[in-house]
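A note on names: the letters A, B, ... follow the listed sequences, proteins ahead of strands, and every chain is numbered from 1. Note that the structure is a prediction, hence the values are computed from the model and not measured.
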Amino acid sequence: MTQETEASPNRPRKDRSPEPPARVRFAPSPTGYLHLGGLRTALFDWLWARHTGGQFILRVEDTDRRRYVPGSLEDAMQGLKWLGLEWDEGPDIGGPYGPYVQSQRRAIYQEYAEKLIQLGYAYRCYCTPERLEQVREEQRRRGEKPGYDRHCRTLSPEERARLEAEGLPSVVRFAVPLEGSTTFHDLLRGPITVQNRELQDMVLLKSDGLPTYHLAVVVDDHLMKITHVLRGQEWLATAPLHQLIYQAFGWEPPVFVHLPVILDPSGKGKMSKRKKVVDGKEYPTLVRDFIQAGYLPEAMFNYLATLGWSYAAEQEIFTREEAIQRFDLRDINPSPAAMNYEKLEWMNGVYIRELSPQELKERLIPYLSRDLGIDEETLRQDPRLDKLVPLIQERIKRLSEAGQWIDWAFVEAEAITYTDPKLLLGRKLDAAQSLAVLQAGLAILERIEPFEHQAIQDAFRAKAEEMGIKAGSFFGPFRGAITGKKVSPPLFESMEALGREEVVKRVRRAIAFLEEQLQAASEQA
RNA sequence: GCCCCCAUCGUCUAGUGGACCAGGACUCAGGCCUUUCAAGCCUGCAACAGGGGUUCGAAUCCCCUUGGGGGCACCA
């Protein structure tokens with residue numbers, strides 16, 4: 001047994017001092033169903049929490065009431081649970097820093113917004129959406145960068161008092177320094193500096209009293225003692241603003257980790273939440289659709305972890321525990337990664353083959369029930385399924401493919417049609433020869449004891465040799481007769497699973513069909 | 001348009017100045033096995049975007065160009 005040495009390509013990366021327990025959160029907004037990018041962010045969050053022995057927190061960022069999609073929070077929680085990402089604090093289980101739903105924290109944000117105003121880092125703005133749009137329109141026309149013109153930033157106290165007395169609705173905006181620059185640190189990219197003049201006086205508190213993301217995320221991450229903020233790269237541009245808000249409050253910012261976006265399979269463009277169509281093929285992007293398509297959570301876990309991170313130089317397949325042990329935020333690749341569905345499929349196949357047949361059967365049942373129209377309990381009791389599952393285990397890549405491999409076993413003989421004229425013909429055999437083969441085989445099938453795959457196969461091989469026909473050619477007509485397909489699970493095991501009665505019935509039907517064909521052909525001649 | 005980020009086979013990646021005429025995986029091609037289809041095994045194709053530096057030495061450090069991505073809301 002070779003010990004893993006320093007020179008091994010699978011050695012752990014750099015020696016690093018152990019990290020203190022981290023507090024990380026996954027903060028979905030219930031504005032749509034959970035998609036792959038969100039799930040990967042959650043996975044990295046969870047991995048880091050578990051690696052450091054810290055906490056993984058679920059927080060709901062529902063501050064946009066207009067875009068709320070009913071059921072999306074439940075969808076996100078289901079998706080996380082499906083992948084095995086259990087959270088330590090969250091809206092459903094509570095925790096020491098609750099509530100974990102932002103819409104229930106209004107008063108907190110208002111208090112902190114007020115504090116910023118008092119400190120001079122924020123101001124009330126009374127501009128109407130119409131005026132804002134007009135300003136942007138003019139800026140665009142002049143070829144300038146569109147943005148708020150800071151009209152209300154310089155209002156005199158008297159003017160403010162007047163507008164306030166009129167009862168005008170207002171928002172709270174952050175007062176970005178007019179000069180200088182702001183530097184924040186991204187764990188993967190190092191220090192990033194931007195000129196303050198590039199920044200906007202973003203809205204912190206909306207006129208409906210709810211905060212925007214910028215205020216809510218800073219306040220909550222601070223109050224909830226979040227140590228590492230993992231989020232999509234789309235937040236990189238506003239990170240300087242967040243840095244300024246931390247500074248204004250006098251708080252220590254967390255470690256920022258902006259994760260690279262996941263690109264669609266073509267490699268160009270972020271994967272959208274909708275199903276992606278590339279080269280005429282439709283790909284799932286929502287977690288629920290991946291579940292429907294029959295991907296295993298352990299395969300998805302493994303695959304997703306390799307999108308932007310790698311376990312070891314020469315090992316693609318690894319367990320949850322191994323991932324936890326080696327995962328390090330510093331090893332995340334900052335460049336965007338394209339989703340590779342073929343590799344996911346391959347990996348899913350690997351995990352399917354690793355399952356015990358019993359386990360696979362259990363996982364297959366919901367899909368088979370759906371696709372075959374048979375209720376789950378009936379399927380569970382059906383002894384044929386126990387024989388069939390091992391036969392398809394190394395043939396399916398997704399659970400949803402099982403139905404089309406074994407549907408023939410769950411229908412009446414009459415439902416098997418032989419409309420494809422080649423279906424019942426053995427390789428290099430004509431109709432008459434194939435008929436003779438079926439008749440010879442039928443005689444065996446009717447009386448062979450026991451009705452088991454090895455015995456049947458031995459008898460068939462002997463008969464084929466006797467008739468001077470290659471075994472493969474001899475078997476072909478039976479495959480067609482019994483399954484109605486050119487491609488099927490191994491023939492003799494399939495026969496055994498179906499049982500003598502049904503097998504004989506189907507072979508007889510096939511013989512009758514071929515006889516009819518030959519009859520019609522001779523009449524025509 | 002402006003700002004920011006990124007850059008190794010088609011794709012995911014290993015690689016942190018010499019052990020690299022660049023390793024693994026998916027895909028693809030060929031072969032073996034074989035009752036179809038798979039699975040498995042073997043072999044092969046295939047990359048450091050380009051140009052300048054720094055250095056005895058650069059995939060690795062710096063600059064420019066090019067390409068790709070992200071962002072520019074009272075959305076997150």
Proximity to RNA chain B (any heavy atom under 4.0 Å), residues of residues 433-441 of chain A only: none
Is a donor-acceptor pair below 3.5 Å formed from side chain A:Ser207 to base B:C74, judging by atom type as modelled? yes
Proximity to the side chain of A:Arg395 - top-ranked nucleotide from B:C5, B:A38, B:A14: B:A38
Would you mind classifying the nucleic acid contact of A:Leu210 as base, sugar-phosphate or nothing, using non-hydrogen atoms under 4.0 angstrom? nothing
Please state the P separation for the pair B:A58 and B:A19 - nearest whole angstrom. 11 Å
Sugar-phosphate, base or nothing in reach of A:Gln393, heavy atoms under 4.0 Å: nothing
In whole angstroms, the gap separating C1' of B:U36 from CD of A:Glu394 amounts to 13 Å
Would the A:Tyr303 and A:Tyr295 ring centres measure less than 6.0 Å apart? no
Would you mind reading off the distance between A:Ile317 atom CD1 and B:C12 atom C1', rounded to a whole angstrom? 13 Å
Any N or O donor-acceptor pair under 3.5 Å from the base of B:G24 to the side chain of A:Glu316? yes
What is the distance, to the nearest angstrom, from the CZ atom on A:Arg197 to the C1' atom on B:C4? 14 Å
Salt bridge A:Glu61-A:Arg67, side-chain N to carboxylate O under 4.0 Å: no
Hey, does A:Gly308 reach any base, or is it just sugar-phosphate, or nothing, if we go heavy atoms under 4.0 Å? sugar-phosphate
Taking the six-membered ring of A:Tyr311 (Phe, Tyr or Trp), confirm whether the NZ or CZ of A:Arg326 is under 6.0 Å from its centre and within 45° of its axis. yes
Just name whichever nucleotide pairs with B:A7, Watson-Crick or G-U, keeping both distances under 3.5 Å, else none. B:U66
Does the base of B:C75 carry an N or O that pairs as donor and acceptor with the side chain of A:Arg67 under 3.5 Å? yes
Just to be sure I understand the rule, does A:Lys397 reach a base, reach only the sugar-phosphate, or reach nothing, if contact means heavy atoms closer than 4.0 Å? sugar-phosphate
Counting Watson-Crick and G-U wobble pairs only, both distances under 3.5 Å, name the nucleotide matched with B:A58, or none. none
Base, sugar-phosphate, or nothing: which does A:Glu493 touch, judged by heavy atoms less than 4.0 Å apart? base
I want to verify a distance call: between B:G40, B:G69, B:A38, whose nearest atom is closest to the A:Arg353 side chain? B:G40
With both distances under 3.5 Å as the test, what is the Watson-Crick or G-U wobble partner of B:G1? B:C72
Base, sugar-phosphate, or nothing: which does A:Pro489 touch, judged by heavy atoms less than 4.0 Å apart? base
Any N/O pairs under 3.5 Å between the protein and nucleotides 8-11 of chain B? List them or say none.
unit_1: B:U11; atom_1: O2; unit_2: A:Asn340; atom_2: ND2; d: 3.3

Provide, to the nearest angstrom, the distance between the CZ atom belonging to A:Arg330 and the C1' atom belonging to B:G15. 18 Å
From A:Ile352 CD1 over to A:Glu359 CD, what is the distance, rounded to the nearest 0.5 angstrom? 11.5 Å
How is A:Arg140 classified with respect to the nucleic acid when contacts are heavy atoms under 4.0 Å: base, sugar-phosphate, or nothing? nothing
For A:Val203, report the nucleic acid contact type (base, sugar-phosphate, nothing); a contact means any heavy atom under 4.0 Å. sugar-phosphate
Please determine, for the side chain of A:Gln457, which listed nucleotide (B:C6, B:U35, B:C74) has the closest atom? B:U35
Categorize A:Leu236 for me: base, sugar-phosphate, or nothing, with a 4.0 angstrom heavy-atom threshold over every strand shown. sugar-phosphate
Partner of B:G44 by Watson-Crick or G-U wobble geometry, both contacts under 3.5 Å, or none? B:C28
